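Report on one structure; see the data block that follows.
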Amino acid sequence: MLDIKFIKENKEIVKEGAKKKRIEIDIDKLVILDDDRLKMLKEVEDLRAEVNRVSNDIARDQDPALKVQLIEEMRLVKDEIKKKEENLKIIMDEWHKLMLSVPNVPDISVPDGETDAENQEVKVWGEKPVFNFEPKDHVEIMTALKMVDFERGVKVHGFRGYFLINDGAKLSFAVWSYAMEFFSARGFIPVIPPAIDRKENFIGTGFLPQSEEDLYKTQGGDYLAGTAEVPVMGMHAGEVLDKNNFPLKYLGFSPCYRLEAGSHGKDVKGLIRVQEFYKLEQVLLCEASHETSVKFHEEITQNAEEFIESLGLPYHKVVNCGGDLGLGQVKKYDLEIWVPKEDKYRETHSASYFHDFQTRRLNIRYKDDDGRLKYAHSLNNTAIATPRILVSLVENYQQADGSVKIPEVLRKYMGGREFLK
RNA sequence: GGAGACGUGGCUGAGUGGUUGAAGGCACCGGUUUCGAAAACCGGCAUCGGGGAAACUCGAUCGUGAGUUCAAAUCUCACCGUCUCCGCCA
């Protein structure tokens with residue numbers, strides 16, 4: 001959510017921003033609505049002030065006849081207030097709905113573009129593997145090594161179901177353990193949050209109301225989080241944080257549930273696009289300064305880059321174009337790791353910053369040096385997601401004999417083994 | 001699952017219909033005192049929104065949302081949450 005004052009004072013910037021994100025929003029309508037809102041609010045408040053004033057008179061005045069008369073007068077004013085309040089409520093509902101739809105303004109450095117096809121590559125790292133044999137895809141490799149069972153996965157879960165078994169499960173634990181150690185060393189506080197979360201957390205982080213069709217829902221009206229970003233951000237909702245603890249760096253570990261409603265035809269095979277997976281997520285809260293946000297955005301991106309590099313996986317980094325940005329995001333980098341058999345990079349990490357878009361909705365503030373309460377800034381980036389990462393791990397490290405070499409850094413979590421076979 | 005109690009400012013804690021946005025304490029910030037510090041004393045200290053250059057002023061907020069009333073922290077209802085006892089499970 002943006003500040004309505006900011007919207008009114010920077011109408012053109014907000015409009016341009018929405019356009020860059022390819023989001024339809026009628027800012028002029030919102031501005032008119034807000035003028036109405038303020039006018040109506042003033043009328044209601046003036047009437048309330050009168051009632052308050054006279055009520056005090058009633059309490060003080062000893063003359064019973066006068067009391068009765070004043071009470072009668074106030075009764076009429078109350079009726080008027082009621083009518084005006086009803087009007088105000090209608091305006092407020094509409095106002096609120098529109099406010100939740102206003103996208104955050106993308107940074108000037110965000111390239112223009114419609115879809116992810118127009119994201120710009122800004123970095124390429126690593127050597128793509130050259131095989132002197134016909135490489136296999138991860139489904140083949142992992143099935144042969146009995147690391148995964150899709151048939152039974154579909155039997156038990158349905159479409160996109162999978163079991164990770166034996167080395168598939170072990171490798172997942174290895175990745176998690178390694179990531180836990182890696183990110184802890186960089187000052188991240190590990191958190192295992194609830195993944196079944198109240199609606200407010202989804203509105204607060206910007207996933208609702210827009211992406212309802214992608215979320216699993218419970219009978220109680222809660223939702224299953226598609227990322228630990230939701231509960232970890234919700235953790236401090238409504239709080240006034242101590243500035244001295246900034247930046248707050250959390251490493252959230254949670255199952256992630258995504259309906260993938262709009263992508264039933266895509267990536268139907270394998271572990272790339274599943275409805276239930278696990279992710280370690282970097283979530284960061286800092287003071288409200290653009291420079292600070294940018295600094296930490298680069299930092300959490302760098303963290304992930306170095307993590308991937310330590311695994312020895314070739315990847316590239318893209319700046320997402322305007323059309324590929326979410327409602328609240330100011331700027332986003334995606335890291336995409338090489339998948340040899342598909343002959344392309346696949347997204348594994350997504351690093352974005354939001355300014356106070358999320359914290360305003362979640363009411364996360366801190367007291368600044370000038371004594372004023374300010375909304376903190378928030379950012380997040382993937383640390384690592386399984387099982388998607390296993391795809392590039394096994395495909396890039398596959399050997400002619402069908403075995404898979406285990407990256408050096410993971411070996412200590414795999415009992416010192418060098419190969420999966 | 002059954003019965004009961006409770007939810008007040010950064011924290012603690014009074015307040016059961018009328019100038020109560022809310023006593024007292026702690027914490028915090030100024031000042032006096034002191035060579036300095038502590039203690040003591042004096043003063044300040046909620047948030048959000050509207051108007052105003054400002055002083056200031058108006059409105060809202062005592063878990064959340066509705067309601068009763070001229071007037072609600074205080075009464076009613078629903079919801080959320082916490083605690084205690086019993087039961088159940090581990």
Side-chain angles (χ1 to χ4, degrees), chain A residues 1-9 30-100 102 193-194 196-204 208 217-223 230-231 234-246 248 285 287-288 356-376:
Chain A
M1 189 142 64
L2 294 179
D3 187 350
I4 182 64
K5 280 191 204 149
F6 175 86
I7 295 173
K8 285 173 105 169
E9 284 163 17
L30 176 61
V31 170
I32 291 167
L33 199 60
D34 190 61
D35 290 339
D36 285 353
R37 174 188 143 256
L38 289 179
K39 186 170 153 261
M40 195 59 81
L41 192 64
K42 175 102 178 98
E43 287 178 20
V44 169
E45 287 188 350
D46 285 349
L47 288 177
R48 276 194 199 141
E50 191 190 345
V51 170
N52 287 344
R53 199 170 353 97
V54 175
S55 288
N56 283 334
D57 290 346
I58 292 171
R60 251 171 301 161
D61 208 302
Q62 295 307 308
D63 178 3
L66 187 61
K67 252 186 203 182
V68 170
Q69 188 199 327
L70 289 177
I71 288 173
E72 203 44 51
E73 278 173 24
M74 283 311 100
R75 194 167 285 151
L76 295 176
V77 177
K78 270 309 276 269
D79 288 344
E80 206 182 336
I81 291 180
K82 204 158 214 167
K83 258 183 253 161
K84 286 191 187 296
E85 274 178 338
E86 276 164 24
N87 281 334
L88 182 62
K89 189 177 180 308
I90 293 168
I91 293 174
M92 282 301 290
D93 287 349
E94 177 78 12
W95 182 86
H96 202 239
K97 220 168 108 190
L98 263 177
M99 283 295 282
L100 284 179
V102 178
I196 306 172
D197 303 314
R198 292 174 185 286
K199 192 173 186 177
E200 302 85 81
N201 303 290
F202 293 83
I203 294 172
L208 285 175
K217 221 183 293 186
T218 72
Q219 307 92 308
D222 292 336
Y223 294 81
V230 174
M235 187 161 69
H236 289 302
E239 295 182 16
V240 176
L241 302 173
D242 186 347
K243 186 176 189 272
N244 295 318
N245 295 330
F246 282 160
L248 277 174
L285 286 163
E287 64 183 278
D356 61 6
F357 187 89
Q358 295 184 317
T359 53
R360 185 180 295 276
R361 291 178 172 212
L362 289 164
N363 194 24
I364 300 173
R365 297 175 296 173
Y366 67 96
K367 193 168 251 174
D368 209 351
D369 295 334
D370 58 11
R372 301 192 59 82
L373 288 170
K374 292 196 175 133
Y375 291 108

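Note on naming: letters A, B, ... go to the chains in the order of the sequence lines (proteins, then strands), and numbering restarts at 1 for each one. The structure presented is a predicted model; accordingly, all values stated were derived computationally and were not measured.
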Using the [atom1] atom on both, measure [N] against [M] and round to a whole Å.
| N | M | atom1 | result |
| --- | --- | --- | --- |
| B:rU69 | B:rG1 | C1' | 39 Å |
| B:rA66 | B:rU12 | C1' | 31 Å |
| B:rA46 | B:rU8 | C1' | 12 Å |
| B:rU47 | B:rG10 | C1' | 12 Å |

Whether A:Arg365 side chain and A:Leu241 backbone form a donor-acceptor pair below 3.5 Å: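 The answer is no, because no donor-acceptor pair under 3.5 Å joins these two groups.
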Gap separating the CD1 atom of A:Ile4 from the CG atom of A:Leu38, nearest 0.5 angstrom: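 That separation rounds to 8.5 Å.
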Separation of A:Leu41 CG from A:Glu85 CD (nearest 0.5 Å):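 Going from CD on A:Glu85 over to CG on A:Leu41, the span is 10.0 Å.
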Plane angle bin for A:Tyr223 and A:Phe202 - parallel if under 30°, tilted between 30 and 60°, otherwise perpendicular: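 Correct class here is tilted.
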A:Tyr375: ring pair (Phe, Tyr, Trp, His ring centres under 6.0 Å) partners, not counting sequence neighbours: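 Testing A:Tyr375 for ring pair (Phe, Tyr, Trp, His ring centres under 6.0 Å), a comparison that skips the adjacent residues, returns none.
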For A:Arg37, all residues meeting salt bridge (charged side-chain N to carboxylate O under 4.0 Å, His left out), sequence neighbours excluded: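 With sequence neighbours excluded, A:Arg37 shows a salt bridge (charged side-chain N to carboxylate O under 4.0 Å, His left out) to A:Asp34, given in chain and number order.
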Listed partners of A:Ile32 passing side chain to side chain contact (heavy atoms under 4.5 Å, CB included), at least two apart: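 Expected list: A:Asp36.
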Side chain to side chain contact (heavy atoms under 4.5 Å, CB included) partners of A:Asn245, counting only residues at least two apart: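 A:Asp242, A:Leu248.
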Base-contact (B) and sugar-phosphate-only (S) positions in nucleotides 47-62 of chain B, heavy-atom cut-off under 4.0 Å, - elsewhere: SSBS-------SSS--
Just the table, please: protein N/O against nucleotides 77-82 of chain B N/O, every pair under 3.5 Å.
from, atom 1, to, atom 2, distance (Å)
B:rC80, O3', A:Arg198, NH2, 2.6
B:rG81, OP1, A:Arg198, NH2, 2.8

Nucleotide forming a Watson-Crick or wobble pair with B:rA54, both distances under 3.5 Å: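 Matched B:rA54 with nothing under the 3.5 Å cut-off.
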